[in-house]
J.: 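Encoded as structure tokens, here's the structure I'll be asking about.
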Protein chains: 2
Amino acid sequence: MSRRPPIPFPTVKRLSLYLREVDRLQARGDTRVSSRQLGAALGLNDTQIRKDLSLFGQFGQAGIGYLLAPLGERLREILGKDRIWRTAVVGAGRLGQAIISYGPFAREGFQITAVFDADPDLVGKTVEGQVILPLDQLEEVISARQILLGIVSVPQEAAQEVADRLVDAGVLGLLNFAPTRLDVTDRASVASVDFSSRLERLAFQVSVGLKGTIDAEE
Amino acid sequence: MSRRPPIPFPTVKRLSLYLREVDRLQARGDTRVSSRQLGAALGLNDTQIRKDLSLFGQFGQAGIGYLLAPLGERLREILGKDRIWRTAVVGAGRLGQAIISYGPFAREGFQITAVFDADPDLVGKTVEGQVILPLDQLEEVISARQILLGIVSVPQEAAQEVADRLVDAGVLGLLNFAPTRLDVTDRASVASVDFSSRLERLAFQVSVGLKGTIDAEE
DNA sequence: CGTTGTGAAATGATTCACAGCT
DNA sequence: AGCTGTGAATCATTTCACAACG
């Protein structure tokens, strides 16, 4: 395995956008794409795209562009989407249910394999074919079903405790929907989806009169 | 009005976190906070916090720190949270409903003032006291109710059209939940919340074995 | 020609180091 | 002593400019 420079964090953000656009173009029947074209679709500079891709070796063709099929395959591999990620959702309120039934997740290799909630009224109900389990079965089920990712969709007050329990149970990555920072020291990876902060930033942008898609994705 | 340097984009992200923590400390009964303490709570360097805040004038006290009350007030003002933002939600499926009933929004000055959906089975139903309206009333209602922000929670295929209609109707900012880039040229601001991309990046982080809260928010 | 891949330059953001206030 | 505010230094990321290729 050859030594590689670390992947810049902003690059990772973009790879996932590249893959989405590559899939879209392929679905449309295209067979290749240039960095310029990809950039135009995503609002990015074309050099940026070439730099990003070149981090993983040379797989474009001068004068031609990139072939969609191998490009998509390589991106999937890089992003770890060439396998199934067994995932638990903790918190089956409205948000949790929306997440569980969110189309794109299921289609992309993220397999919801367990759902938990603290509310006895929810436990036992079924969402998208998943029976909601009580919180106290968390450790046992995570471990038995070899679940690697956890989605935290509980209220803010409960988020840190749920995170601790998930990590203790062996989960390696957390997707956090609660508006708070989760401290997992260095035992897992955490990514957050923070509606409030996002909306707040939007309000700021509007206040200062900033126009356009500021946010070439997040 | 004095000329100011433009606010770095990453700073805006952080301001919103500062405000959240300031509110939390105040609710706890504290009356002041140092940049060091704030940094520890949010996983940030203390200089960073002072730099960010100093962009808006000097309002700390050497030897003491920052007084929470004026700091919170100032942050609210900067972020545009010192007023009510009338907001429409387009797309009242599970995700839209979760957003509408998402506690933090309501509490923070974002007032959901209209809800639309294309599905005739949903139109007429009530979510959190809001009657779901048919899409063809969008322009009329946005304008009559003087709505400034739009939340797009429709499927990807419909997102761009909804965005166009919202912007045409006079909305100044869009919060986009669809996994696609919205093109509004320079007629409005757009911020995106992209679950899939986020989860994908988490999978990548786990794949490469990166640990910790990589992502000091967003 | 159009397009990739990449060193070099430019830009942007973070952190250091420290003067100065309480 | 504890803390803010900030110029200067460092570090990271983006963009430019261009050689090489099909």
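Chain identifiers are assigned alphabetically (A, B, ...) following the order of the sequence lines, protein sequences preceding nucleic acid strands; residue numbering begins at 1 within each chain.
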J.: Polar atoms only, N or O, under 3.5 Å: list the protein pairs with nucleotides 11-14 of chain C and their distances.
T.:
from    : atom 1 : to       : atom 2 : distance (Å)
dT14(C) : OP1    : Arg14(B) : NH1    : 2.9
dT14(C) : OP2    : Arg14(B) : NH1    : 3.4
dT14(C) : OP2    : Arg14(B) : NH2    : 3.0
dT14(C) : OP2    : Gln48(B) : NE2    : 3.0

J.: Flag the pair Leu175(B) / Leu149(B) as yes when at least one side-chain heavy-atom distance between them is below 4.5 Å, and no otherwise.
T.: no
J.: With sequence neighbours left out, what residues match Glu139(B) under salt bridge (charged side-chain N to carboxylate O under 4.0 Å, His left out)?
T.: Arg165(B)
J.: Identify, with sequence neighbours excluded, every residue that meets ring pair (Phe, Tyr, Trp, His ring centres under 6.0 Å) alongside Tyr18(B).
T.: none
J.: Could you tell me how far apart Leu44(A) (CG) and dT15(D) (P) are, to the nearest whole angstrom?
T.: 8 Å
J.: For the helix from dC1(C)-dG22(D) to dT22(C)-dA1(D), figure out the bend between the end axes, five pairs an end, and round to 10 degrees.
T.: 0°
J.: Taking only residues two or more places apart in sequence, or in another chain, which ones meet Arg28(B) in a salt bridge (charged side-chain N to carboxylate O under 4.0 Å, His left out)?
T.: Asp30(B)
J.: Arg24(B): which residues meet the salt bridge (charged side-chain N to carboxylate O under 4.0 Å, His left out) condition with it, sequence neighbours left out?
T.: Glu21(B)
J.: For residues 58-67 of chain B, which residues have at least one heavy atom under 4.0 Å from DNA chain D?
T.: Gln58(B), Phe59(B), Gly60(B), Gln61(B), Ala62(B), Gly63(B), Ile64(B), Gly65(B), Tyr66(B)
J.: Return each pair, listed once, that meets salt bridge (Lys or Arg N to Asp or Glu O under 4.0 Å) where at least one residue sits in residues 39-56 of chain A; pairs must be two or more places apart or across chains.
T.: Arg14(A)-Asp52(A), Asp46(A)-Arg50(A)
J.: Strictly by ring pair (Phe, Tyr, Trp, His ring centres under 6.0 Å), give each pair with a member in residues 150-169 of chain B just once, sequence neighbours left out.
T.: none
J.: Of all residues at least two apart in sequence or in a different chain, which pass the salt bridge (charged side-chain N to carboxylate O under 4.0 Å, His left out) check with Asp82(B)?
T.: none
J.: For Phe105(A), check ring pair (Phe, Tyr, Trp, His ring centres under 6.0 Å) against everything at least two apart and list the hits.
T.: Tyr102(A)
J.: Relative to the 5' end of DNA chain D, which residue comes earlier, Ser34(B) or Thr47(A), by the nucleotide with the nearest heavy atom?
T.: Ser34(B)
J.: According to salt bridge (Lys or Arg N to Asp or Glu O under 4.0 Å), does anything in residues 97-106 of chain B pair up with another residue at least two apart or in another chain? List the pairs.
T.: none
